[in-house]
Structures are given as C-alpha cells and as structure tokens.
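The structure under discussion appears below in the form of structure tokens.
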Amino acid sequence: VVISIHIACPFEMAYETDVLSTMSSIRIPVTSFGSLSPSHLGVQQHNHSVATARFLEEDALWEYYSQLPGGCLSLTDRSRLVPV
C-alpha cells in the first residue's frame with residue numbers, strides 16, 4: 001500500500017528536513033474493509049486502527065542528508081534507511 005499525505009506548512013519550511021526536524025510524530029487514522037472469512041461471504045468487516053510514524057531527532061536526521069550547491073538537499077545513503 002502506498003499513500004501520499006499532504007501537510008500544510010508555514011511558508012518558511014521549504015525542504016523536507018525543515019518539516020521532519022520540527023515534527024516528532026504523525027498519527028493517521030486507518031480503516032480497512034474485508035470479509036470476515038470464506039464461510040461468511042458477503043459479510044463485511046470494518047477494522048479501525050491508527051498508524052503512527054515517529055521521526056528522528058534533528059541531530060540524527062542530518063546524518064542522512066547532505067546540502068548541495070544552491071541549498072538543495074539530498075539523501076546521502078538510501079541503503080541505511082529502514083526498508084518498508
């Protein structure tokens with residue numbers, strides 16, 4: 001499952017790292033739909049949950065980024081990221 005989340009931020013937050021360094025976590029309500037079991041065909045089950053993503057502290061966050069000429073930021077080493 002891939003989702004896209006858009007978060008309204010103040011104008012001075014230009015880069016991903018600006019947002020990540022100020023947020024400690026984000027909680028997203030999740031609802032899934034599915035049948036209970038093959039013996040209950042047609043019966044729908046609603047599962048409600050909350051997905052929580054916790055962010056790194058700002059000092060640790062900068063280990064993964066480098067600043068390029070012109071002020072742009074780039075991930076330094078994707079292999080160190082946690083696989084999804």
Side-chain angles (χ1 to χ4, degrees):
V1 175
V2 176
I3 63 171
S4 175
I5 299 172
H6 299 270
I7 301 171
C9 298
F11 181 73
E12 61 271 8
M13 290 188 172
Y15 300 107
E16 177 181 343
T17 51
D18 295 334
V19 177
L20 293 175
S21 65
T22 58
M23 296 174 68
S24 61
S25 66
I26 186 169
R27 295 175 50 137
I28 303 166
V30 178
T31 302
S32 62
F33 301 93
S35 61
L36 292 171
S37 69
S39 64
H40 293 93
L41 292 176
V43 178
Q44 294 292 309
Q45 178 182 13
H46 295 74
N47 296 311
H48 300 282
S49 184
V50 175
T52 302
R54 290 180 176 77
F55 301 110
L56 298 172
E57 296 289 328
E58 185 173 6
D59 294 340
L61 180 69
W62 284 109
E63 292 180 27
Y64 297 95
Y65 287 89
S66 62
Q67 188 166 8
L68 302 174
C72 294
L73 298 170
S74 176
L75 282 172
T76 56
D77 183 3
R78 290 184 179 271
S79 67
R80 293 177 56 201
L81 298 176
V82 176
V84 178

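In this text, all values refer to a predicted model and were calculated from it rather than measured experimentally. The first residue of the sequence shown is numbered 1, and numbering continues consecutively from there.
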| request: With rounding to the nearest 0.5 Å, note down the distance linking CZ in R27 to CZ in R54. | output: 8.5 Å
| To the nearest 0.5 Å, what is the distance between OG (S25) and CZ (F55)? | 7.0 Å
| remark: What one should report as the nearest heavy-atom pair of V19 and M13 is CG2-SD, 3.9 Å
Partners passing side chain to side chain contact (heavy atoms under 4.5 Å, CB included) against [X] (at least two apart in sequence or in another chain):
X: V30; result: A51
X: P69; result: none
X: S49; result: none
X: H6; result: S4

| Hydrophobic cluster identity match, I7 and I28, side-chain contacts under 4.5 Å | yes
| task | Taking side chain to side chain donor-acceptor pair (under 3.5 Å) as the test, write out the residues that go with T31, two or more places apart. | result | H48
